[in-house]
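One structure is given below, encoded as structure tokens.
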Amino acid sequence: HGGILPPRHIIRIYQWMTQIQKSNSELVTQHYLGKTTENRTMYYLQISQPSDKIKKIIWMDCGIHAREWISPAFCQWFVKEILQNYRSDPKIRRFLQNLDLYILPVLNIDGYIYSWEKDRLWRKNRSPHMNGTCYGTDLNRNFNSSWGSIGVSYNCSSEIFCGSGPESEPETRAVAQFIKKKKSDILCYLTIHSYGQYILTPYGSTTRPPNKNFGPLKITAKCTGTDDNIIPVLNIQMHVAEMAAAALMGKYGTSYKVGPTSLILYSNSGSSRDWAHMIGIPFSYTFELRDKGTHGFVLPPDQIQPTCEETMLAVTTIIDYVDQKYFPGGAVMLTASSLGLSLCLSVVLTWTVS
Amino acid sequence: QTYRPSAEPASVRSHPGRSPPLSTMQGLSAAPPAAFLLLLLSALLSPAAAAPGAERELNPSGRLAAGAARVALHYLNFQAGSPGALKELGQVRKYYLQFTTEDYKNGENAGSCLATVLYRRTKFPPVVNIKCMHTKDQKQIQEEDNRLYQKIRHQTKPITGNNIPDSYGHIEPALEPAWALAVAGSSYIMWEKSTESLGYFLAQVKSVKQWVNDFIEFDYTVLLHEIPTQEIISCHMRLTWLPGHPLKVKYFCASENQGLEDGSGMESGSAAGILHGKGANF
């Protein structure tokens, strides 16, 4: 499986987390997040460079849908890569000075185990309904973001059953409570799925673009084009996602589509990504990894490593951007695009003031 | 493989469903605040409501275009003949598409296609008209098919298998031909079942069993992944293959809500000519 720990049973994942913490104890700590429906413990890994600086947070979760096995594989790969390269890679060193990485390798542990032992194409968690005659809530329809409004079913037998209410599931509550607690420090929320090759931005439940002002800069537009012909574009989230997709494509030529879920995929409500953005986290993305349907959920083993490698580039592009935006200064190169951006900033400020 | 319906329905293009390019804002620098400007522009440039039969321009990255292109490809992979004359019009939704394709096996560029997809009411398959530029030599494809056919005919044991690919995404080399035929046959099922709101992918071949007789005939259980419901639909498929002849597919799909759906058809198919959509663009 290309050098990464094959995602066998969940016990191996627990063992891997313990071992990772042991052999990198200066950087990694394992933390309790909550319990699943079947009373299994959810842990997240915190990658944090020791320092007296106050850091901001990047959150990434994998495995919210049981059958999307490439997703937990990527979280493992990501942690391995960071720990392997943080001493030698200047980009990683730079962002670890300012950012802590919080990684939840398998969010839906019960469902994941069920997909290994009983039903490879299981999607939901394992909460019992109707006196145990029907199982599972779609955790990515269970968050409190326009919950139950569109793209869901109220019937337990459906794969997109949104649960008995928003945050009805212990897994959802565990994640939501933690993120709510830390939300003033979380700059970026990433959630990893498969398949389809997309980087999805909010929202699923409406086609109205997200329109938030964040941080001290209050940027509401980015500019493209030359100085004579500045074309304002609303939505920095899209711009960053497009950069990430371009970086990903640079590795093996894999092409990803970028955009709001409601426009390029289908309408849905109650997703974790939408909820994270609604409570104020500025950069919130869903990744749908390889492939585009040829193998779908059962991706061939020889594609695991290339998928992880290319996705790594996309994720680090986003982290880099967030790092440079919120922690400018230090050895920052003034590139043409950043010059253009600062020119454009003055234009935007004039508009909103007038 | 081209088909012209005998009666052209009222053709439908598309309206700009998205907000207009903001470069049109350039001339309005001395104007009121940005938010009001945007509101004004979107009122001017997008039509109030799309009347039925109105022309609309589609976002090529959008789900409707992708869905229609997928349907066209199901149809192509199955290489259907004439789907029959159009009868009911009702709400006519016709898509004009151009897209590139890749080889199913190795992902190499396999040429581009022009297609039209016409969705009709449920219980009627979409009408597809598709023409492709092939990069792979058609004679080469025929020869590959014939070689494969002979190979299967002269096997000592009939082909049987379960879970193709297996849980880890692996396909036994000996089962690859059975998988390729399953893709071709499933494409027929997926084409027939597709609507403007429901799309399909082949998730896994649950089982395959070869019939021992004078033909190459397989019984399959295939699992289809339905979008956006996320359901896994189990279909039983009987497939008969003779290169250069119409592919024979009979199927029924188990469905919790609707009971059993029956379907069958005689269409031509090729194992070596399977294409996979790369991306839709206008």
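Lettering follows sequence order; numbering is per chain, from 1.
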Return the set of residues passing ring pair (Phe, Tyr, Trp, His ring centres under 6.0 Å) with His65(A) (not counting sequence neighbours), or none when no residue passes.
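Partners of His65(A) by the ring pair (Phe, Tyr, Trp, His ring centres under 6.0 Å) criterion, ordered by chain and then number, come out as His193(A).
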
Can you tell which part of Ile160(A) gets under 4.5 Å to a heavy atom of chain B, answering side chain, backbone, both or neither?
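For Ile160(A), the contact with chain B is made by backbone and side chain together.
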
I need the residue from Pro228(B), Gly67(B), Ala203(B) with the largest number of non-hydrogen atom pairs under 4.5 Å to chain A.
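Highest number of heavy-atom pairs under 4.5 Å: Pro228(B).
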
Could you tell me which of Pro165(B), Ser167(B), Ser197(B) has the largest number of non-hydrogen atom pairs under 4.5 Å with chain A?
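Most heavy-atom pairs under 4.5 Å with chain A: Ser167(B).
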
Does any non-hydrogen side-chain atom of Val71(B) lie less than 4.5 Å from one of Tyr119(B)?
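A side-chain contact under 4.5 Å exists here.
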
Checking Arg63(B) against Tyr266(A): charged group under 6.0 Å from the ring centre and within 45 degrees of the axis?
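Cation-pi check for Arg63(B) and Tyr266(A): fails.
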
Is it the case that Arg120(A) places NZ or CZ above or below the six-membered ring of Trp69(A), under 6.0 angstrom from the centre and within 45 degrees of the axis?
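Pair Arg120(A)/Trp69(A) counts as cation-pi.
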
Using heavy-atom distances under 4.5 Å, tell me whether Asn163(B) contacts chain A through its side chain, its backbone, both, or neither.
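Neither the backbone nor the side chain of Asn163(B) comes within 4.5 Å of chain A.
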
Measure distances from Gln230(B) to the heavy atoms of chain A and classify the residue's part below 4.5 Å as side chain, backbone, both or neither.
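Interface part for Gln230(B): both.
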
Students often mix this up, so state it plainly: with edges at 30° and 60°, are the rings of Trp179(B) and Tyr104(B) parallel, tilted or perpendicular?
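Judged by the thresholds at 30° and 60°, the geometry between Trp179(B) and Tyr104(B) is tilted.
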
Using 30° and 60° as the class limits, which term best fits the ring planes of Phe252(B) and His236(B): parallel, tilted or perpendicular?
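Tilted, since the angle between the ring planes falls between 30° and 60°.
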
Return the option, out of His295(A), Glu159(A), Gln197(A), with the maximum number of heavy-atom pairs under 4.5 Å with chain B.
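Counting heavy-atom pairs under 4.5 Å, the top option is Glu159(A).
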
Pick from Ser267(A), Gly296(A), Pro300(A) with the largest number of heavy-atom pairs that fall under 4.5 Å of chain B
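Most pairs with chain B among the choices: Pro300(A).
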
